[in-house]
Amino acid sequence: MLAESITQGLNPEQLRAVETTEGPLLVLAGAGSGKTRVLTSRIAYLIGVCGIPGTGLLAVTFTNKAAGEMKERVEKLLGPEASDLAIGTFHSICVRILRREIGHMGRSRGFVIYDDADSIGVIKQALKREGMDPKVNDPKRIRWRIDQWKNAGILPAEAASSAYDIDDELSARFYGIYQRMLLDANALDFGDLLLQTVELFKQFPRVLEYYQRRWQYVLVDEFQDTNGIQFQLVNLLAGNHRNLCVVGDPDQSIYAWRGANVRNILDFEEDYTEATVIKLERNYRSTQPILSGASAVVANNIERKDKKLFTEREGGDLIQFFEADDDREEAAYVIRRIATASSTDARAYSNFAILYRTNAQSRVFEEELLKYNIPYAVVGGVRFYDRAEVKDAMAYLRLLINPLDDQALLRIVNKPARGIGKTTMDRVSALAATQQTSLSQGLADFSRGAAARISGKIQGFLALLDELRSEAATRPLDQLLGRTLERTGYMDGLAKEGTPEAEARRDNLLELMTSARDFHVANEGALDDDRSELELFLDQVALISDLDSWEDRSERVSLMTVHSSKGLEFPVVFLVGMEERIFPHASSAGDGEGIEEERRLCYVAMTRAMEQLNITHAAERRRFGERSLQSPSRFLDEIPGNLVEVLGRGTASRRRGRSAEGSEASFDYSYSQESADVDGEVQPGMRVRHPVFGDGVILEVIGGGINQKLKIRFARVGVKTVMLRFANLELA
């Protein structure tokens, strides 16, 4: 009976994927093909039918939200039997392992987790210690390169030996310095969570053997988006039993810029020659015109595994295309369509999503939504936990756990203002660097030789931290947070400021206290004996991603980049800005692999639509402060004309589609395709090639329009400033 309830309603391919329990299994799951149901049913089948204990399974997802939903579904099928199941993101699973095992590596399990802002702060600190200007040597660029090495599983020594130019050598040098500074601060960044777990397993085989015996079955979702270090981790865990089930879709691999390697899924059958391969091609989300259009686009890629999505839903609207005169008309058209559909078709605003390639495109749509008084939410904007006042509060809590946390100290040492300013902290930083101590210790040492006025302020601040630290062991989490905000004067400072902005910040802190209270209630009596409530709360907050905060609410339209839309679905989708050098993006224009990823991204965007897909493009657009003629995206030409209904003028396409009146509408790409040269969309960190100076990295973009200049560091001739329109640059 239990087996029937678990497998009820599964189609033949899904059922086979659930019942194929032994050995490696590759499930190629097309968009909307029910892969989450397959994963949850497979987990329930292993536990409820095969008798595998919940502790014997590991399931890895890419967001905490997906992990929570998966566990909830399994619990509905099995009840309490699923309570011990290990489901989480790569990062959360690795945190659990490191909290228990990192002592083998001579490190404290009380480490803090640094986010991007903390990491960049460490690199700025390192540059200053080495006598280098962070304004000249971009910390973000160095941080990005370090992250790429970590994603590939490369340690500092190997990075240094394989550096191929001056820029790479500089980054490799600071990779080593950066890691030492993290060690001194008892901190790990996100890349370290995976890298150090893999190093732990390599250095201590018995620890690896324990987890191999513990997790007899390993399941990985979204396998097409795994990077090198994630692939290593999975292979290590499944190395003995080989019971590895990976689910994914090569056509939806869209995170190469984050280190994802589509070869992990394309070559799975070579790495696991005994693997069973099952294709899920039956789509339960979209209509056939949408599926056929998206499939026709992605079929132009070479690096893919063939599959043909189909649906049993009959009919469906054609894909609608609109060409606007400019970006303003494009936004007005989209928002009018939403307003009309909301009033005449009684559609909730949550039915609609506006998808774009880059965040900068959202502005004109936001302005138009405000004009119509339509509520909306920008997904991937400033997260709640990234807001300044929330990060300040969390920095105080981090310092109560880890006095060595230099970045937390730098953030709040003078928030609210207590007379310990930048000049003082520069001197403290220099002293700490000389003595090779933490900033907290440097601050204490500095106060003993400082003037009485500044000495008293520093000692008062350190005494306050000691007082709060002593209370951290006994107070419930929400009370500790409230006490911290009260004793530091943070809340009083906002109250005295009295501005609407200060009131909004105060509301955010009250919401943070609510979050802390909810965490306390949810975990009361179920906490790890070895770790405090505060430590667990800090871990949870550190691991929250942008999409974890997305909620389907009826009162708002969703605006987001295509990357952010992955895993979501909407009845009505507007895919906007479909123009060359926007989508596909300019950075991929001259790169075959880059174009293939952009095409996969287009496929993802199109398959978010359940009932209606609308595609728009503007003939003219304001970019970088200038008006520019736009060429329609090459991807539009890859959608069969019989699947498209043209609304509006439709003068910007080379294809033939059906007009709104049903007659054939001739499209004419009247704009020449732009070359792959760097001729507009440029940004610091971009690698370029000059016909005379050779390869270089853009340091600074100066001005705009025809007089735009670039400051570039060339490997061969050093830093040069060039006029963009005359430089004949190419993407390197």
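Worth knowing before you read on, the calculation uses all heavy atoms, side chains too, and leaves out hydrogens, waters and symmetry mates. The chain is numbered in sequence order, starting from 1. All values reported here derive from a predicted model rather than from experimental measurement.
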Treating [X] as the side-chain partner and [Y] as the backbone partner, does any N or O pair qualify as donor plus acceptor under 3.5 Å?
X      : Y      : answer
Gln212 : Leu236 : yes
Asp118 : Asp115 : yes
Asn300 : Ala296 : yes
Thr40  : Arg73  : no
Glu281 : Lys308 : yes
Arg357 : His585 : no
Gln288 : Thr311 : yes
Ser92  : Thr89  : yes
Ser171 : Asp168 : no
Glu101 : Leu200 : no

What orientation do [X] and [Y] show, parallel under 30°, tilted 30 to 60°, or perpendicular over 60°?
X      : Y      : value
Phe90  : Phe62  : perpendicular
Trp149 : Tyr175 : parallel
Tyr255 : His563 : tilted
Trp215 : Tyr211 : tilted

Do [X] and [Y] have side-chain heavy atoms sitting under 4.5 Å apart?
X      : Y      : value
Phe231 : Arg263 : no
Tyr272 : Leu244 : yes
Cys50  : Thr21  : yes
Phe201 : Leu233 : yes
Tyr217 : Leu58  : no

* Does a sphere of radius 6.0 Å around NZ in Lys140 hold more than 12 heavy atoms from other residues, nucleotides or ligands, not counting ones at 6.0 Å or beyond? -> no
* For Glu593, does the CD atom have more than 12 heavy-atom neighbours from other residues, nucleotides or ligands under 6.0 Å away? -> no
Under a 3.5 Å threshold, yes or no: a donor from one side chain and an acceptor from the other, between [X] and [Y]?
X      : Y      : result
Gln230 : Gln232 : no
Glu158 : Ser161 : no
Asn283 : Ser33  : no
Asp695 : Tyr164 : no
Ser292 : Ser295 : no
Lys150 : Gln196 : no

* To do: I would like to know whether Tyr178 and Phe174 meet ring-ring contact (aromatic ring centres under 6.0 Å, His included); could you show each step before the answer?
  => CA-CA 6 Å; Tyr178 172 77; Phe174 277 94; 9.9 Å; no
* Carefully, step by step, assess Asp192 and Gln179 under the rule side chain to side chain donor-acceptor pair (under 3.5 Å). => CA-CA 9 Å; Asp192 276 329; Gln179 289 301 100; 3.2 Å; yes
* Asked: Going from OH on Tyr356 to OG1 on Thr561, what distance comes out if it is rounded to the nearest 0.5 angstrom?
  -> 7.0 Å
